[in-house]
Amino acid sequence: MLIHPWDAARDDSEWREWLGHHDFGQLAVNGPADGPPWVQPLHFRYDSEPGPYGEVVTHLARPNPLWRDLEARPRVTLSVVDDYAFVPGPWAAPPEDPPEHGTPTSFYSAVQLVCTAHIVDDPAAKAELLNRQVDHFQPEGGSARVAVDEGPYSRRLPGLRALRLEVTGVRAKFKYGANKPEAVGDRIAAGLAARGAPLDAAAHAQQRRRRARA
């Protein structure tokens, strides 16, 4: 992923905070030598500790075909992309150019976590990781706790394998036109606010936040 200086995260707190509100991504795992990589969509919980970059906890069904390759090559990438919007060319045209000469572009946030995967099969440890995920996604409660020898989920526990992803590196990009003149940024902001496509409000909010921090 190309990251220009004006699109880079200002500091680690920016991407950490963003991940706190974006917890669905795609896990890329090296496939067999004669085949393509695996790309697995999944929900996850990100915790800022331990280590310098924190860890991700998630789980997958035991029949998932990627396990053999993950065990052989545990270095993986978790990619999270959101708050994206298409910016039409006329919105992005420099002030001195006619609108039809503007270059279309995309706004988006992207965080890629480079990780070492640790598979968790111990029943008690697996239950603890599953409960951590439920606590993140369902803080209001309402569901039974996962336990090894009791409760409604104990019989399903063997059908899952948990994953701890030790984050060893981060690539973060927040592409919202920070390199464009203020007048162009204002025009794009007005366009996003007026168009009202499904993710325009989120992209507009990220653009405002980045401009304020600049």
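In this text, all values refer to a predicted model and were calculated from it rather than measured experimentally. Just so you know, residue 1 is the first one in the sequence shown, and it goes up from there.
Looking at R209 and F174, their side chains come closer than 4.5 Å, going by heavy atoms from C-beta outward. Two residues are said to be in side-chain contact when any heavy atoms from C-beta on lie closer than 4.5 Å; K173 and V111 fail this criterion. With contacts defined as side-chain heavy-atom distances shorter than 4.5 Å, the pair Q207/I188 qualifies. Residues T105 and F86 fail the side-chain proximity criterion, which asks for heavy atoms closer than 4.5 Å. Inter-residue side-chain proximity for C115 and V76 is flagged as met; some heavy-atom pair is nearer than 4.5 Å. With a 4.5 Å cut-off on side-chain heavy atoms, Q133 and Q138 do not count as touching. Side-chain contact check for W15 versus Y53: some heavy-atom pair is nearer than 4.5 Å. With a 4.5 Å cut-off on side-chain heavy atoms, N30 and D69 do not count as touching.
A distance of 11.0 Å separates NE2 of H59 from CG of N64, quoted to the nearest 0.5 Å. How far CG of L130 is from CZ of R45: 12.5 Å, rounded to the nearest 0.5 Å. For the atom pair R210 CZ and S109 OG, the distance stands at 8.0 Å (nearest 0.5 Å). Atoms CG and CG, from L60 and L163 in turn, are 5.5 Å apart once rounded to the nearest 0.5 Å. The distance from the CG atom of D12 to the CD atom of E17 is 13.0 Å, given to the nearest 0.5 Å. To the nearest 0.5 Å, atom CG of residue D83 and atom CG of residue L199 are 7.0 Å apart.
Side chains of Y46 and R16: a donor on one and an acceptor on the other come within 3.5 Å. In this model, no donor atom of one side chain and acceptor atom of the other lie less than 3.5 Å apart for H43 and D23. Side-chain N/O atoms of D82 and W18 include no donor and acceptor closer than 3.5 Å. When only modelled atom types and interatomic distance are considered, E166 and H118 share a side-chain donor-acceptor pair under 3.5 Å. Between the side chains of K175 and Y84, no donor-acceptor pair of N or O atoms lies under 3.5 Å.
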- prompt: L157 and V148: side chain to side chain contact (heavy atoms under 4.5 Å, CB included), yes or no, with the steps?
  reply: CA-CA 7 Å; L157 200 57; V148 176; 4.3 Å; yes
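No more than 12 heavy-atom neighbours from other residues, nucleotides or ligands sit within 6.0 angstrom of CD on E49. Counting non-hydrogen atoms of neighbouring residues, nucleotides and ligands closer than 6.0 angstrom, the CD atom of E96 exceeds 12 such neighbours. Remark: R68 CZ is loosely packed, at most 12 non-hydrogen atoms of other residues, nucleotides or ligands lying under 6.0 Å away. Within a 6.0 Å sphere centred on CD of E71, other residues, nucleotides and ligands contribute more than 12 heavy atoms. Around CG of D11, the count of heavy atoms belonging to other residues, nucleotides or ligands within 6.0 Å exceeds 12.
Taking both residues in full, the closest heavy atoms of G159 and P63 are given as O-CD, 4.2 Å, listed atom of the first, atom of the second, then distance. Residues V184 and A93 share a closest heavy-atom pair of CG2-O, 3.5 Å. Closest non-hydrogen pair, L70 versus A117, comes out as CD1-CB, 3.7 Å. Closest approach of W6 to A178, counting heavy atoms only: O-CB, 3.5 Å. Taking both residues in full, the closest heavy atoms of P158 and K126 are given as CA-NZ, 4.1 Å, listed atom of the first, atom of the second, then distance. Among all heavy-atom pairs drawn from R211 and A189, the shortest one is NH1-CB, 4.4 Å.
In this structure a side-chain-to-backbone donor-acceptor pair under 3.5 Å is missing from T103 to G89. In this structure, the side chain of W67 engages the main chain of A61 through a donor-acceptor pair within 3.5 Å. Of the possible polar contacts, none joining the R164 side chain to the V56 backbone as a donor-acceptor pair under 3.5 Å is found. For the pair D200 (side chain) and A197 (backbone), a donor-acceptor distance under 3.5 Å is present. Between the side chain of D47 and the backbone N or O of G54, no donor-acceptor pair lies under 3.5 Å. Of the possible polar contacts, none joining the Q26 side chain to the L78 backbone as a donor-acceptor pair under 3.5 Å is found.
With hydrophobic clusters built from ILVMFWY side chains whose heavy atoms lie under 4.5 angstrom apart, V80 shares a cluster with L27. Placement of V57 and V134 in two distinct hydrophobic clusters is found when ILVMFWY residues are connected by side-chain heavy-atom separations under 4.5 Å, directly or transitively. Hydrophobic clustering (side-chain heavy atoms under 4.5 Å, transitive across Ile, Leu, Val, Met, Phe, Trp, Tyr) groups V167 together with L19. Follow the hydrophobic side-chain contacts under 4.5 Å out from I119 and you never reach L160; the two are in separate clusters. Put simply, F44 and L66 are part of the same group of oily side chains (I, L, V, M, F, W, Y) that touch within less than 4.5 Å, one to the next.
R171 is linked by a side-chain hydrogen bond (donor to acceptor under 3.5 Å, both in side chains) to Q112, counting only residues two or more places apart in sequence or in another chain. The ring pair (Phe, Tyr, Trp, His ring centres under 6.0 Å) search around H204 returns none, not counting sequence neighbours.
The aromatic rings of F107 and Y176 lie perpendicular to each other, with more than 60° between the two planes, well past the 30° mark.
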